[in-house]
Peer 1: 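Have a look at this one.
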Protein chains: 2
Amino acid sequence: MTETLQSPLWRSPVTSSDRLLLEMQRAIVEGEIAAGSKISEPELARKFDVSRAPLREAMARLERCHLIERIPNAGARVVTLSADGLKALYQIREELEGLACRLAAENMDEHEVNQLQELLDQHLASQRVREGESYYQEAGDLDFHYRIILGSKNPYLINMLCDELYFLVRMYRVQLGMNGPRVSRAFDEHKAIINAIASRDGELADLLMRRHIAASRGNIELKLQQLGK
Amino acid sequence: MTETLQSPLWRSPVTSSDRLLLEMQRAIVEGEIAAGSKISEPELARKFDVSRAPLREAMARLERCHLIERIPNAGARVVTLSADGLKALYQIREELEGLACRLAAENMDEHEVNQLQELLDQHLASQRVREGESYYQEAGDLDFHYRIILGSKNPYLINMLCDELYFLVRMYRVQLGMNGPRVSRAFDEHKAIINAIASRDGELADLLMRRHIAASRGNIELKLQQLGK
DNA sequence: ATCGAATTTATTGTCGACAATCAATAAATG
DNA sequence: CATTTATTGATTGTCGACAATAAATTCGAT
């Protein structure tokens with residue numbers, strides 16, 4: 001993941017609980033800690049060689065980004081991925097990123113728009129080399145979305161999308177993958193969105209982003225069905 | 001505040017940190033702990049007669065609902081209310097509650113719709129008695145919005161609106177008030193929204209809710225200007 | 001007298017141990 | 001034999017003390 005992916009709310013990991021959070025986010029998103037599995041505080045504390053205090057703080061933040069679910073006096077479980085969950089998540093993502101796109105068209109300055117276009121050119125070049133390689137596409141796609149969200153200049157929106165929803169989105173995408181033909185199509189959609197933003201057409205940018213996300217959702221739903229969940 | 005206001009995620013305060021959270025949420029929303037003031041952990045721990053452990057957990061949750069802001073190794077401050085903050089908050093609220101309204105029109109069952117209509121009749125009756133009394137109106141308004149959000153049946157949406165955004169919304173409303181003429185107008189808007197939901201017209205319900213919230217926002221913005229902030 | 005650096009002070013982050021609560025097993029009774 | 005009730009076990013929630021970091025103050029130099 002590149003530097004530009006970091007939201008302003010991701011502070012560099014100064015504290016133990018910060019490091020733990022990053023480590024556990026990665027482990028859960030990539031399935032290293034299995035979806036649906038129960039989390040034992042003493043066990044994880046030993047594993048990461050820390051006390052339960054920073055671990056519990058990290059877990060509170062994991063709950064905040066919907067990666068685990070806690071029940072008082074009972075324990076915590078890693079979330080399970082499901083078709084219903086995906087639907088609910090993407091309903092919100094469509095709405096909020098549509099808004100972000102509209103606001104970005106209004107609030108991004110010329111420099112930021114130029115940077116966004118340069119980013120797309122970079123991805124296009126690297127995509128020609130690695131045809132259909134999903135990892136780079138994913139990083140590139142996330143980077144693209146991140147910049148637009150930041151461009152909205154709305155702190156609450158940035159917080160919700162980058163800090164609360166995006167890890168779960170990544171979890172669906174990493175664990176359920178993204179197949180070939182969708183990858184190149186996504187580039188064209190990105191291009192259209194940037195054009196709308198560059199011409200300050202917030203309404204169009206909104207619409208295009210919603211469709212872009214809806215298409216992405218359809219792609220993952222297909223995978224879910226194929227796996228027979 | 002009535003019983004029905006509670007979201008499913010508000011568990012009864014079984015633990016110390018739960019009690020602390022409720023207490024501090026109320027204190028901040030009502031301005032008992034002044035906006036912008038710094039929070040001292042040892043001081044509050046003494047005041048509420050608990051250890052710092054549950055206090056810190058409560059503070060983590062206060063940060064989650066945007067009532068305080070923390071900086072690592074530096075401390076926490078209560079948020080300050082501003083015109084920019086209100087604008088950013090209501091931009092999101094408009095979008096998400098519009099979505100909630102559309103989903104409610106699709107997903108609420110007959111019984112829930114009937115209950116919603118009964119609720120409005122109750123409020124109308126009590127409003128005739130207490131003309132322009134803002135406290136009851138506020139509770140009633142919140143209750144109305146809560147039920148629609150729950151009716152969306154989208155867990156993420158419910159969590160975001162009821163647990164993360166609504167305390168800040170209440171803080172603006174409680175500390176900046178809501179004046180007379182707006183109160184009765186809100187009833188008519190509520191009525192129109194319910195009708196749209198009852199006739200399963202999600203699109204209309206969405207539109208009406210957005211306007212309702214925009215009007216409410218305009219009302220608070222006016223107050224902010226009058227106070228010369 | 002003012003600016004900068006070192007020291008002091010206070011606050012936050014972390015630790016290990018204890019208490020309270022819940023789940024599971026085993027015993028007892030109809 | 002089934003159902004209920006204790007008992008055991010483990011996990012979570014809470015506490016008080018310590019260590020690390022940042023802010024405040026004092027002291028010294030120009």
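Below, read A as the first sequence line, B as the second, and so on, with proteins coming before strands; counting in each chain starts at 1.
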Peer 1: Taking distance alone, no hydrogens or angles, what donor-acceptor pairs closer than 3.5 Å link side-chain atoms of residues 45-53 of chain B to residues at least two apart or in another chain?
Peer 2:
residue : atom : partner : partner atom : Å
B:Ser51 : OG   : B:Ala53 : N            : 3.2
B:Arg52 : NE   : B:Glu41 : OE1          : 3.0
B:Arg52 : NH2  : B:Glu41 : OE1          : 3.1

Peer 1: Between the protein and nucleotides 6-8 of chain D, list the N/O to N/O atom pairs that are separated by less than 3.5 angstrom.
Peer 2:
none

Peer 1: Can you run down the ring-ring contact (aromatic ring centres under 6.0 Å, His included) pairs that involve residues 101-122 of chain B, sequence neighbours left out, and say none if there aren't any?
Peer 2: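 Every candidate ring-ring contact (aromatic ring centres under 6.0 Å, His included) pair involving residues 101-122 of chain B fails, so no pair, neighbours aside, qualifies.
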Peer 1: With salt bridge (Lys or Arg N to Asp or Glu O under 4.0 Å) as the criterion, how do B:Lys153 and B:Glu106 come out once you've worked through the C-alpha distance, each side chain's angles and the decisive distance to 0.1 Å?
Peer 2: CA-CA 10 Å; B:Lys153 308 285 172 74; B:Glu106 297 170 8; over 6 Å; no
Peer 1: Residues in side-chain hydrogen bond (donor to acceptor under 3.5 Å, both in side chains) with A:Arg93, at least two apart?
Peer 2: A:Tyr90, A:Glu97, A:Tyr166
Peer 1: Test of understanding: with side chain to side chain contact (heavy atoms under 4.5 Å, CB included), list the residues that count as partners of B:Asp84, not counting sequence neighbours.
Peer 2: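 Listed in chain order: B:Ser82.
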Peer 1: Applying side-chain hydrogen bond (donor to acceptor under 3.5 Å, both in side chains), can you list everything that pairs with B:Glu95, at least two apart in sequence or on another chain?
Peer 2: A:Arg210, B:Arg210
Peer 1: A:Tyr156: what forms a ring-ring contact (aromatic ring centres under 6.0 Å, His included) with it, not counting sequence neighbours?
Peer 2: B:His66
Peer 1: Please give, in whole Å, the distance from C:dT12 P to B:Arg77 CZ?
Peer 2: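 Going from CZ in B:Arg77 over to P in C:dT12 covers 12 Å.
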Peer 1: Restricting to side-chain hydrogen bond (donor to acceptor under 3.5 Å, both in side chains), what partner residues turn up for B:Glu118, sequence neighbours left out?
Peer 2: none
Peer 1: Under a 3.5 Å cut-off on both pairing distances, which runs of 3 or more consecutive Watson-Crick or G-U pairs involve DNA chain D?
Peer 2: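 Listed by first number, the stems are C:1-30 with D:1-30.
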Peer 1: Among pairs that include at least one residue of residues 15-47 of chain A, which meet ring-ring contact (aromatic ring centres under 6.0 Å, His included), considering only residues two or more places apart or in two chains?
Peer 2: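 Counting only pairs at least two positions apart or across chains, no ring-ring contact (aromatic ring centres under 6.0 Å, His included) contact touches residues 15-47 of chain A.
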Peer 1: Using a cut-off of 4.0 Å between protein heavy atoms and nucleotide atoms, how would you tag nucleotides 9-15 of chain D 5' to 3' with B, S and -?
Peer 2: ---BBBB
Peer 1: Mind checking side-chain hydrogen bond (donor to acceptor under 3.5 Å, both in side chains) for A:Glu32 and listing every partner two or more places apart, or none if nothing turns up?
Peer 2: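 side-chain hydrogen bond (donor to acceptor under 3.5 Å, both in side chains) list for A:Glu32, sorted by chain: A:Arg26.
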